[in-house]
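Shown next, in structure tokens, is the structure this report addresses.
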There are 2 protein chains.
Amino acid sequence: MSDVVSLKVETESVELRLLNAAEAILESEGPDSLSVRRIAKAAGVAPMGVYNHFEGKMGIIDALFRRGFARLGAAMSSLVEIENPLEALAEGGRRYRSLGLAHPMAYQLMFLRPVPGFNPSIESAKVATAAFEGLINAVRRAAALDLLRDLDAVVTAQILWASYHGWVALEICGLGFVSDVDAGAEALGAAIWMGIANPNLVINE
Amino acid sequence: MSDVVSLKVETESVELRLLNAAEAILESEGPDSLSVRRIAKAAGVAPMGVYNHFEGKMGIIDALFRRGFARLGAAMSSLVEIENPLEALAEGGRRYRSLGLAHPMAYQLMFLRPVPGFNPSIESAKVATAAFEGLINAVRRAAALDLLRDLDAVVTAQILWASYHGWVALEICGLGFVSDVDAGAEALGAAIWMGIANPNLVINE
DNA sequence: CAGGTAAGTAGAACACTGTTCTATATATCC
DNA sequence: GGATATATAGAACAGTGTTCTACTTACCTG
């Protein structure tokens, strides 16, 4: 039987080819270029392939959405390897921003609603929420050492996320009026840290 | 000559009808429903009217974009009527959020990318930037009284904006994991204030 | 006033879009 | 082998933004 090559492997390859083609188009040309025919042509199949494997355009967008959040989740979950909780939090912010800047188109797809009619599936929404577990965990570690203001860890994590998200989104869209965005991002990080840190710790500084 | 009704007035009315129709559709059905034919039909004219008066779909989207920022600009510029600079800054954040929540679809059009191919015109980008003059002014007032950390006023204003923008955008898109978003927004405001305030002032509290 | 020009108007045509339909091919099972 | 399910390519369909066409209206000039 070793001479028989199952075409099921090839079937999986079509799905992967479509998804990789879509990702390449997204990264190089932006979400506006993600048409069914464009993706299918780049993958070397007929447009119906998108329907056979992803149930349509929204299905393949959903898969790209999940890829983006999986990437973010990996960056956040590895914060646990950083022993110092303060450093882990600061690194969380830095990683969030650098990921966004490294993948601006994926960032838009994840957060800025660029594809009309697209709503994440329930599965994808779970992946998206899970992506922040690492950050929430880092917040909890810092809180356990009394390093933070007396706020719910989930609220603190969302404040961190919202602030960086806002900054990165403005940055990616070219909005804003500061001249040095890198220095601005540092200042934002410092301000947020001042805002969530245990006031007694700040006083002792 | 008072009996002669110039049809130029009627011409302006077509443009206004189109724009008002577009705004109504945006607010009630969202940006995905802003098709040229949909807008024209709602305004009672042929689709070519969008091209005659706005040079096409992107032109009328541009006009909606400007309306949104004009509304925001008015809310920010009236902060000058609030004598206490601290109260003005806090009110700026509250107004930003309440405007976003009152006009979620306009907010998306202004800050997310819901319309494929749309980029603000140079004129609109100016209106957008000018919308924050009131906020920057309020920051400058507080800084002049030594109430803020030693940061450039423009950077401080963008930190404020980015933080609230991030929070409101997540809120509007239904993203996030806190259960009480109102309390979360208050906590965000408090954290940001701690982050931008003059440390000596915070110590004295 | 008549003629010329510019701009607005409605409706039709065009290329592109997401989706569905049709016919065929392939894989699997009995 | 036949039956069934699924994948495949290509075509058809309705909706999209845009352009084209023909006509109308407003304005200006001689």
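Quick note on labels: first sequence line is chain A, next is B, and so on, each numbered from 1. Being a predicted model, the structure only gives us computed values, none of them experimental.
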- Taken to the nearest whole Å, CD/Glu55(A) to P/dA7(D) is 10 Å

- Message: Distance check needed: dT24(D) P versus Asn52(B) CG, whole Å only.
- Response: 17 Å

- Task: Take Leu148(A) and Leu89(A) through the test side chain to side chain contact (heavy atoms under 4.5 Å, CB included) and record every step on the way to the result.
- Result: CA-CA 11 Å; Leu148(A) 302 180; Leu89(A) 286 184; 4.2 Å; yes

- Whole-Å gap separating P (dC16(C)) and CG (Asp32(A)): 17 Å

- Message: Reading DNA chain C from 5' onward, which residue's closest nucleotide shows up sooner: Pro47(B) or Met58(A)?
- Response: Pro47(B)

- Stepwise side chain to side chain donor-acceptor pair (under 3.5 Å) test for Ser33(A) and Arg38(A): CA-CA 7 Å; Ser33(A) 297; Arg38(A) 177 84 182 79; 5.8 Å; no

- Query: OH of Tyr51(A) versus P of dT22(C): gap in Å, rounded?
  - Reply: 17 Å

- Spacing of Arg141(B) atom CZ and Leu86(B) atom CG [to the nearest 0.5 Å]: 10.0 Å

- Query: Which ones in residues 34-45 of chain B lie close to DNA chain C, meaning a heavy atom under 4.0 Å from one of its atoms?
  - Reply: Arg37(B), Val45(B)

- Between CZ of Phe54(B) and P of dT18(D) the distance, given in whole Å, is 14 Å

- Whole angstrom value for the distance that separates P of dT19(C) from CZ of Phe118(A): 13 Å

- ring pair (Phe, Tyr, Trp, His ring centres under 6.0 Å) contacts touching residues 132-157 of chain B (sequence neighbours left out): Phe177(A)-Phe132(B), Phe132(B)-Trp161(B)

- Message: Is it the case that the side chains of Thr156(A) and Arg149(A) hold a donor-acceptor pair, with the cut-off being a distance below 3.5 Å and no angle test?
- Response: no

- Taking the side chain of Met48(A) as its heavy atoms from C-beta onward, which of dG10(D), dG8(C), dG17(D) lies nearest to it? dG10(D)

- If you round to the nearest 0.5 Å, how far is CZ of Arg67(B) from CG of Asp62(B)? 13.0 Å

- Message: Taking only side-chain N and O atoms of His53(B), does any of them lie within less than 4.0 angstrom of OP1 or OP2 on dA7(C)?
- Response: no

